[in-house]
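Below is one structure, written out as structure tokens, with a few remarks after it.
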Amino acid sequence: VQLQAYGGGWVQAGGSLRLSCAASGHTFSNLFMGWFRQAPGKEREFVAAIWGATGNYADSVKGRFTIARDNSKNTAYLQMNSLKPEDTAVYYCAGRSGYFSSWNIDSLYHYWGSGTQVTVSS
């Protein structure tokens, strides 16, 4: 399975970005998809995850970020609104075959994309 994340960039605080994660080599509808991020000097942290149409979010992004997926395009998305400087990080998409409940634990994901940089300036 290959995952490729893209769509990062530079944006001013309060702005928006949409990240995409294209998957290949797996039945996409059977992939539990997640987004994680890692800021300089910090550990990787959970951002959002989706199974079917149900999304789950870290408290730090709830109400600002929306995770979605289009199974016909084998792609997951992360719409990020009201961005803050503390959202600056490398964002990674991740996948795991089938449903599981510990969707916020990065070590339980099977597949990882290469990451895309998001920089939010104040």
Side-chain angles (χ1 to χ4, degrees):
V1 177
Q2 290 188 331
L3 302 178
Q4 183 173 1
Y6 57 96
W10 178 89
V11 65
Q12 287 189 323
S16 299
L17 283 174
R18 188 176 81 156
L19 305 183
S20 300
C21 177
S24 60
H26 196 286
T27 302
F28 185 70
S29 58
N30 198 42
L31 277 178
F32 203 117
M33 296 299 298
W35 286 96
F36 292 79
R37 67 187 182 186
Q38 187 166 22
K42 295 187 177 181
E43 294 188 352
R44 188 164 56 191
E45 64 175 2
F46 169 75
V47 175
I50 187 168
W51 174 257
T54 301
N56 297 282
Y57 301 91
D59 288 344
S60 59
V61 306
K62 202 171 293 184
R64 299 188 298 121
F65 291 12
T66 302
I67 189 170
R69 65 192 298 157
D70 186 337
N71 291 341
S72 69
K73 296 182 179 179
N74 292 345
T75 302
Y77 305 96
L78 185 68
Q79 177 67 44
M80 305 185 295
N81 298 330
S82 302
L83 282 161
K84 304 175 181 180
E86 51 263 44
D87 294 319
T88 294
V90 177
Y91 283 70
Y92 298 89
C93 61
R96 177 184 163 109
S97 299
Y99 177 84
F100 73 121
S101 59
S102 300
W103 28 260
N104 61 328
I105 300 177
D106 57 355
S107 61
L108 297 182
Y109 284 79
H110 297 152
Y111 316 110
W112 288 86
S114 56
T116 184
Q117 176 71 46
V118 172
T119 303
V120 185
S121 65
S122 58

Original post:
Roughly how far apart are Gln117 CD and Gln38 CD, rounded to 0.5 Å?
Top reply: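 Rounded to the nearest 0.5 Å, the CD-CD separation comes to 11.0 Å.
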**OP:** Give, for atom OG of Ser114 and atom CD of Gln2, the distance between the pair rounded to the nearest 0.5 Å.
**Re:**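 Going from OG on Ser114 over to CD on Gln2, the span is 10.0 Å.
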Are [X] and [Y] connected, step by step, through hydrophobic side chains (Ile, Leu, Val, Met, Phe, Trp, Tyr) whose heavy atoms are closer than 4.5 Å?
{"X": "Tyr92", "Y": "Tyr6", "value": "no"}
{"X": "Phe36", "Y": "Tyr57", "value": "no"}
{"X": "Ile105", "Y": "Ile67", "value": "no"}

What side-chain donor-acceptor pairs closer than 3.5 Å can you find for residues 43-54, not counting sequence neighbours?
from, atom 1, to, atom 2, distance (Å)
Arg44, NE, Asp106, OD2, 3.1
Arg44, NH2, Asp106, OD2, 3.4
Glu45, OE2, Arg37, NE, 2.6
Glu45, OE2, Arg37, NH2, 3.1

Only distances under 3.5 Å count here; give the side-chain donor-acceptor pairs of residues 9-35 to other protein atoms, sequence neighbours excluded, each with its distance to 0.1 Å.
from, atom 1, to, atom 2, distance (Å)
Ser16, OG, Asn81, OD1, 2.9
His26, NE2, Ser97, OG, 2.9

**OP:** Taking all non-hydrogen atoms of both residues into account, name the closest pair between Val90 and Gly115 and its distance.
**Re:**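 Looking at all heavy atoms of both residues, the closest pair is CG1-CA, 3.9 Å.
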Main-chain N/O of [Y] paired to [X] side chain as donor or acceptor, under 3.5 Å:
{"X": "Tyr109", "Y": "Cys93", "answer": "no"}
{"X": "Thr75", "Y": "Lys73", "answer": "yes"}
{"X": "Thr88", "Y": "Thr119", "answer": "no"}

**OP:** Answer yes or no: does atom CD of Glu86 have more than 12 heavy-atom neighbours from other residues, nucleotides or ligands under 6.0 Å?
**Re:**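 Count over threshold, so yes.
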**OP:** Could you give me the CA-CA distance, side-chain angles and deciding distance for Met80 and Tyr91, then say whether side-chain contact (heavy atoms from CB on, under 4.5 Å) is met?
**Re:** CA-CA 11 Å; Met80 305 185 295; Tyr91 283 70; 3.8 Å; yes
Original post:
Can you list the steps and then say if Tyr77 with Arg69 is a side-chain contact (heavy atoms from CB on, under 4.5 Å)?
Top reply: CA-CA 6 Å; Tyr77 305 96; Arg69 65 192 298 157; 5.7 Å; no
Original post:
Does the pair Phe65 and Leu78 meet the rule for a side-chain contact (heavy atoms from CB on, under 4.5 Å), with working shown?
Top reply: CA-CA 7 Å; Phe65 291 12; Leu78 185 68; 4.2 Å; yes
**OP:** Using a strict 4.0 Å threshold on nitrogen-to-oxygen distance, state whether Asp59 and Lys62 make a salt bridge.
**Re:**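 Counted as a salt bridge, because a side-chain N and a carboxylate O are separated by less than 4.0 Å.
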